[in-house]
Amino acid sequence: MGDYTAEELQSIFIMQGFSGLSLFSVLLLMGLGLALIFGQMGVINMAHGEFMALGAYTVYLCSNITEQFFPAFTPYYFVITILVAFVVCGLLGAFVEWLLIRHLYHRPLDTLLATWGLSLILQQTYRSIFGAREVSPRLPDWLMGSFTYGDVDIPINGVFVLGLSVIVTGSLVYFIYKSRFGLKLRSTVQNRSMSGAVGINTVKVDRLAFALGCGIAGIAGAAFTTIGSTGPDSGSRYIVDAFLVVVSGGAASLLGTVGSAFGIAQAQSILEFFLEGTKGKVATLLVIVVVLMIRPQGLFPSKVRSH
Amino acid sequence: MLAVENLKVAYGQSVVIPEFSFDAPKGEIVGIVGRNGMGKTTLFKALIGMIPSASGSIKVDEKELVKKPSYERVANGVAFVPQGRMIFPYLTVYENLISGVSGSLDQEDIDEIYSLFPVLEEMSKRKGGNLSGGQQQQLAIGRALMTKPKVLLLDEPTEGIQPSIIKEISRSLRKIGEMKDLTIVVSEQVLSFVLDTCDSVMVIDTGRLVREDRREDVDAEMIKEMLAV
Ligand SMILES: Nc1ncnc2c1ncn2[C@@H]1O[C@H](COP(=O)(O)OP(=O)(O)O)[C@@H](O)[C@H]1O
Ligand SMILES: [Mg+2]
């Protein structure tokens, strides 16, 4: 890094830091959904990335519909679309849980295979419907600019997406720790058969938790459209990073998920500037390996439900 | 109130309860005594639906529950206080109490539990895991009562609890039974608690009902002999 002055370095760090925020938001939302599903049901959802892609495609569709039929609505549609993506992905999640996951709770390997199969099916479905080429929704103009602050450009979409992920995280924390349903979810994680015996409909808890995790992946997909274009395999490109977030954060801990999403996104974004794409990724992986060596409890949680 | 007929329970191939029938009338406290490993816990878990029954019938108020999942049995008026209490250790006392309640939550119901077990109100914000054994037992009973049961099942409620608190549990069970006209079925290895608490006493031996007496007809010496190894 010797060729940069201290001042330039500072600007680079701040700018890459802000561009890392978008990645952070997407990874955080992906990680939260994965951690919720894994923590609640011990299910590793290999199709989680495809739920994210579905969220992104939903935004794309809504964008087309808005442009074609309600052009006056173009500046606002994006905000509402986030909710649509959440609902669409949540509904598909509930359906998948009913069709597939609930039969496989005691068989983790089968679940892994089944969700991996599902991811392939979904990818192929996207390819048939939307084609192999990547697509992008038309984002409203207000989302595209940037604030300038001294030497530093702060992209508005980054700030927006960050705000979005803060709201989602806050709502999720409130939901899990303050709502009646969240209480049933926490007790089911602690002791599933006893939860049934005190009167909790654990079948419903499972379905809602899975749907919620998938819905949040849908929001991640909506956020993703602000930083990249969507193709059939967009989800699979993010799933590895999302798993890294969950594993290094410790799936039982929401705070851990937030922390590791931030660390991974920032490390990638800043290292990519100095080392080009793939080397940045490798360096990030090395950092994670070191973190896991120091703090192995991050790897796999203490409070996953036992059967 | 609770009518169990020809109930058969097995873990895979190993049949633990070959055939068990009994009636627990409304408002009565029925004791089931038996040595360790005789099938008390298995019977209770089958009654609440934590393990499936191979065959037979479990009726509450004439309603057949044997095929229903646990939460539906609770909704139909069965509540369970398991051996070892099994409260949720990471939930607060208050959260434990309301965990099983579905639908609207009545502050009056919570206050009623608090007046039965005042210590639960003092500790309402503490994690369940931080309570003593006796307090956890009161919490487990309170949690069960919150779902407004008609039939309350308690599996060895005195296990590992101080003698002074055992007396208190016996007293509160009688009080709750009377107050709510509740049917209570309680298992024990210790006869004295059952004699203090129950209206009738059953003896279970390797999954079978081998004796059934009204409290006043109980031949304590004889049952003690049956309980001795
Ligand atoms: N999960 C299980 N799998 C197989 N056998 C079991 C299991 N749980 C209990 N048993 C057996 O069932 C019998 C009754 O046990 P249990 O119902 O716990 O008796 P109690 O509660 O009267 O001490 C014992 O022989 C025990 O070994
Ligand atoms: Mg037992």
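Quick note on labels: first sequence line is chain A, next is B, and so on, each numbered from 1.
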B/Lys150, NZ: over 12 other non-hydrogen atoms inside 6.0 angstrom: yes
Leading residue by heavy atom contact count with chain A [cutoff under 4.5 Å; candidates B/Arg73, B/Met146, B/Met50, B/Glu72]: B/Met50
Heavy atoms of other groups near B/Glu62 CD, more than 12 under 6.0 Å: no
Flag if over 12 foreign heavy atoms under 6.0 Å of CZ, B/Arg126: no
Residue pair A/Ile200 / B/Tyr71, side-chain heavy-atom distance below 4.5 Å: no
Which atoms of B/Ile51 approach chain A - backbone, side chain, both or neither, heavy atom under 4.5 Å: neither
Contact class of B/Pro149 relative to chain A, heavy atoms under 4.5 angstrom: neither
Exam field: side chain A/Arg180 to backbone B/Ile98, donor-acceptor pair closer than 3.5 Å: no
Heavy-atom closest pair, residues A/Ala197 and B/Ser70: N-CB, 3.9 Å
Distance in Å, B/Ser102 OG paired with A/Lys204 NZ, rounded so as to fall on 0.5 Å steps: 8.0 Å
Interchain contact, B/Met86 with chain A, by part (heavy-atom threshold 4.5 Å): both
Which atoms of B/Thr147 approach chain A - backbone, side chain, both or neither, heavy atom under 4.5 Å: side chain
A/Phe181 atom CZ, over 12 foreign heavy atoms within 6.0 Å: yes
Heavy-atom side-chain contact between A/Met194 and B/Arg85 under 4.5 Å: no
B/Glu159, CD atom: more than 12 neighbouring heavy atoms under 6.0 Å: yes
Any side-chain heavy-atom pair of B/Ser99 and A/Lys184 under 4.5 Å: no
Sub-4.5 Å side-chain heavy-atom contact between B/Phe88 and A/Ser195: yes
B/Glu64 atom CD: more than 12 heavy-atom contacts under 6.0 Å: yes
NZ on B/Lys45 to OG on A/Ser193, rounded to 0.5 Å: 6.5 Å
Of B/Asn96, B/Thr92, B/Leu91, B/Val101, the residue whose pairing with A/Leu183 passes side-chain contact (heavy atoms from CB on, under 4.5 Å): B/Leu91
Residues, nucleotides or ligands: over 12 heavy atoms within 6.0 Å of A/Phe262 CZ: no
